[in-house]
Amino acid sequence: MEIISDAEYEKLKSICLRRNFWTHNCYTEMVFDRKTGGPKKQMDITQLYDDIRNAEQMRDLLFNL
């Protein structure tokens with residue numbers, strides 16, 4: 001029985017890869033602002049928010065199934 005489509009599965013797989021990137025690489029590759037504690041580069045901030053939004057959308061889809 002198919003619960004999610006092939007496209008949704010590929011998106012979920014992509015989200016897992018991005019999660020692994022943030023988990024394993026963010027402290028070695030990301031530059032942090034000493035005052036705020038957050039990422040210093042706007043590109044990193046934008047990518048992190050995009051990845052969080054994609055993960056939240058997938059979470060909502062899976063919870064509604």
Next item on the list: For residues Leu62 and Ile3, determine if any side-chain heavy atom of one lies less than 4.5 Å from a side-chain heavy atom of the other.
Entry: no
Notebook entry, point to check: Would you find more than 12 non-hydrogen atoms of other residues, nucleotides or ligands less than 6.0 Å from Tyr9 atom OH?
Noted result: no
Next item on the list: Evaluate side chain to side chain contact (heavy atoms under 4.5 Å, CB included) for Phe63 paired with Met58, printing each intermediate quantity in order.
Entry: CA-CA 9 Å; Phe63 283 160; Met58 182 57 69; over 6 Å; no
Margin query: Give me each pair satisfying salt bridge (charged side-chain N to carboxylate O under 4.0 Å, His left out) with a member in residues 47-65, each pair once, sequence neighbours excluded.
Written below: Arg18-Asp51, Asp50-Arg53
Check: Which pairs with one or both residues in residues 5-16 pass salt bridge (charged side-chain N to carboxylate O under 4.0 Å, His left out), sequence neighbours excluded?
Finding: none
Next item on the list: Give the minimum heavy-atom separation between Ile15 and Asn54, together with the two atoms involved.
Entry: CD1-O, 3.4 Å
Note to self: Membership question, hydrophobic clusters at under 4.5 Å side-chain separation (ILVMFWY): are Trp22 and Leu17 in the same one?
What the structure shows: no
